[in-house]
2 protein chains.
Amino acid sequence: MSAVKRKPRQPVAGRKRLDIRDVAHHARVSIATVSRTINRVPTVDQELAKRVWKAIEELNYFPNTQARALVSGRSHLMGLLISEITNPFFPELIQGFEEIAVKNGYEILIGSTSYDLERMDTCIRRMLERNVDGVAVMTFGIEEPLLEEFASRNIPMVFVDSGPPSPLVSALVVNYRHGIREGVQHLAALGHRHLGFISGPLQQRSCQLRKAAFLDCCAEIGLKPLDAWLVEGDHTLEGGMRAMERLLAAKEHPTAVMCSNDMTAIGALRVLSHKGMNVPEDLSIIGFDDIHLAEFVHPPLTTVRMSRTDLARAAFEALRSHIEKPDQPALPSRYPVTTRLTVRQSTSYPPGVSISNGKRTVTRKRKTAAK
Amino acid sequence: MSAVKRKPRQPVAGRKRLDIRDVAHHARVSIATVSRTINRVPTVDQELAKRVWKAIEELNYFPNTQARALVSGRSHLMGLLISEITNPFFPELIQGFEEIAVKNGYEILIGSTSYDLERMDTCIRRMLERNVDGVAVMTFGIEEPLLEEFASRNIPMVFVDSGPPSPLVSALVVNYRHGIREGVQHLAALGHRHLGFISGPLQQRSCQLRKAAFLDCCAEIGLKPLDAWLVEGDHTLEGGMRAMERLLAAKEHPTAVMCSNDMTAIGALRVLSHKGMNVPEDLSIIGFDDIHLAEFVHPPLTTVRMSRTDLARAAFEALRSHIEKPDQPALPSRYPVTTRLTVRQSTSYPPGVSISNGKRTVTRKRKTAAK
DNA sequence: TTGAAAGCGCTAACAA
DNA sequence: TTGTTAGCGCTTTCAA
């Protein structure tokens, strides 16, 4: 009952921050009013609000996020689960996500799974412990049962291409077909009839979709790639090299190869260059993603662009609407993201077809002229 | 006085997590004992501890980080301030830092400044708001007065190459000279006398140091590069291209060029390839960093390796010792990080010197043979 | 419209 | 060795 005098706890040496009481005192109002002002509750008197803001300004106060999170049950933290931070696609995605998240008052917790179950588990645990308000699963199709942990706690998620159906889960639906069709038709228009495809790891849903889109788009125009021209890579540069070597080992090889991502394409380019083959004269290559680097390889890569900014924005918005309007009846649960071809210099006529179907065609220069 | 019955607040629909009380109840002990058990306070009875762990296991309980942070004053969050997440050097650094941080119970908050003062300010504010326990400033020498915000709050910091002197600040001291000397002497041993250098942005301390090390190492062996051979880049691929073009515009150009980072070197390689010049036959190139990509450009890049893992580990340890042993009298405040040359295929004899000083030398193949 | 006060889940001081 | 309890800084209910 009686207030026993205790020595006040000082958590870490001298690290005492200003708190809401200091502001309240300075502005001669109650802490409740300060809280309401900060949270822009409309019923606060103009005059008082002004005093509060002035005090905040003068003291350079900002609220303690942990306390806020503790009491409100919202951490303003979003988990961002990616495959591999060293794949250049992801930093670009992170950048986009971070930008929009920060602008809207969220912080992000990045988890890099490296396609490893145990790491995935650690990432999920970290996110659970930090109480993320939502999770963007940008691993492109490794949907683990592990993710049930989020679902069972009613933590919203957003997936790419897939994801368990649930009221709190949305999906970014990437229209691979659009860009891939442009790519296939671009090759066909150049005269290619022998197309190959280096896929990503086929246990990933997204990689299956890309490959299927490629095959369908070929079929649409009556093309049927040989089995030996369909090789599985792993979305790394090294994997791309290995895959291209396998492709070239076939008795006949295609005159154009589409790759499931740009790193794969860059690996393919390396192998061709090592073997003394010229791109696009001897073989055309198309990538996928349009990472920054794509423009700077030799030759600059023709590729299907999937915008990181679009992806990041859609993922963020999907999560935000679930978090902030949890009882909205009809939230969109599918967010479309499109893809489109960017033509650069890794594609041209197939060998020996530079004058075909009556059109006079200009042969490309071997070396790009220096500007 | 009287306990008024209130409707218990339910923060977010159904998101009720288990708390320490549930565990206490389940294990038939007090919450204090649960807390002590979790925090491994040695005075807990073995028997009780066992019961507590069992309860934790059975309930799949884990503590609420925000509550812990609030009461302990420690967020177990470290800020990681980098320049540009899309520069491949940084994801590799982040990966290393994240790995060691997570293993030790810390989470990281990444701030990408993009060399922009305003963004830097935002990053600092975010870190302050989230109450980071320490900050690793890996921007390589943009020390802003803004960082005073941390110092004035007694938040430990670690810098690369520099940083304001203070008891809570440590510095990673990179021995640029070691690797750069190896590079310069490697070139000299091959017969090069005309060396150029493409620096990074010279307002960065780290870039000044690299350039100075290069010049000193040249001087050591009696070499003095022409002014026209010392060009400033900006550590991007595009910047490297521009810089190399400027270098080639000089009346005479050097026979070997060292670059302040690998992206710059890769840009330089591009330009040379566009101009039809062969590396290393016409010009040798050395990079700096040894990013993953360095091995995969054409030709594979000879470069000075600065280990991201070493850097990350040193930064983490520096912060951790300040955070966890704040009153340790003699903490190391300088952590050495070394660099060393990795020889690949972008360096060779200067043109026309392939048979020199009596040694018979093998001319390199133009194309690397395919394996 | 405002203020007092009850917690959010936890740690740690103190009492037993 | 264990339990009781006062806060950590904030939001929000309730009463005024």
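The figures that follow rest on heavy atoms only: side chains count, while hydrogens, waters and symmetry mates do not. Every chain is numbered from 1, with letters handed out A, B, ... down the list of sequences.
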Which nucleotide in the list D/dG7, D/dT11, C/dA4 gets nearest to the side chain of A/Ser30?
-> C/dA4
Would you tell me whether B/Asn64 and A/Arg130 have side-chain atoms, one donor and one acceptor, within less than 3.5 Å of each other?
-> no
Taking CD from A/Gln66 and C1' from C/dT11, how many angstroms apart are they, rounded to a whole number?
-> 14 Å
Correct closest heavy-atom pair for A/Ile110 and A/Met127 would be C-CE, 4.4 Å
Test salt bridge (Lys or Arg N to Asp or Glu O under 4.0 Å) applied to A/Lys54 - qualifying residues, sequence neighbours left out | A/Glu58
Which of the following nucleotides, D/dT1, C/dG3, D/dC10, is nearest to the side chain of B/Thr43?
-> D/dT1
Terminal helix-axis angle for the helix from C/dT1-D/dA16 to C/dA16-D/dT1, with five pairs defining each axis and rounding to 10 degrees | 40°
Distance, rounded to the nearest Å, where B/Ile31 contributes CD1 and D/dT5 contributes P = 11 Å
For the side chain of B/Asn64, counting heavy atoms from C-beta on, which of D/dT2, C/dG9, D/dG9 is nearest?
-> C/dG9
So which of residues 49-63 of chain B are in contact with DNA chain D, with a heavy-atom cut-off of under 4.0 Å?
-> none
A/Glu99: what forms a salt bridge (Lys or Arg N to Asp or Glu O under 4.0 Å) with it, not counting sequence neighbours?
-> B/Arg119
Could you please name the option among D/dG9, C/dG9, C/dT2 that lies closest to any side-chain atom of B/Ala67?
-> C/dG9
Separation of A/Ile82 CD1 from A/Cys123 SG (nearest 0.5 Å) | 9.0 Å
For the atom pair OG (A/Ser75) and CD1 (A/Ile323), what is the distance rounded to the nearest 0.5 Å?
-> 8.0 Å
Rounded to the nearest 0.5 Å, how far does CG of B/Leu311 lie from CZ of B/Phe97?
-> 10.5 Å
With ring centroids as reference points, do A/Phe140 and A/Phe159 lie under 6.0 angstrom apart?
-> no
Which residues share a salt bridge (Lys or Arg N to Asp or Glu O under 4.0 Å) with B/Arg313, sequence neighbours left out = none
How close or far is atom C1' of D/dT5 from atom CZ of B/Arg21, stated in whole angstroms?
-> 12 Å
Backbone N/O of B/Gly105 and side chain of B/His76: donor-acceptor pair under 3.5 Å = yes
Calculate the interatomic distance between B/Asp19 atom CG and C/dG9 atom P; express it in whole Å.
-> 5 Å
Whole-Å gap separating C1' (C/dC10) and CZ (B/Arg74) | 16 Å
Test: B/Arg74 and B/Glu324 ion pair at under 4.0 Å | no
Tell me: NE2 of B/His76 to C1' of D/dC8, nearest whole Å?
-> 15 Å
With respect to the phosphate group of C/dT11, does any side-chain polar atom (N or O) of B/Arg68 fall under 4.0 Å of OP1 or OP2?
-> yes
Taking only heavy atoms on the protein side, list every residue of residues 32-40 of chain A lying under 4.0 Å from any atom of DNA chain C, sorted numerically.
-> A/Ala32, A/Thr33, A/Arg36
Could you check how far CG of A/Leu70 sits from P of D/dC8, rounded to whole Å?
-> 13 Å
Rounded distance in Å - CD1 (B/Ile20) to P (C/dC10) | 5 Å
Can A/Glu317 and A/Arg320 be counted as an ion pair, charged N to O under 4.0 angstrom?
-> yes
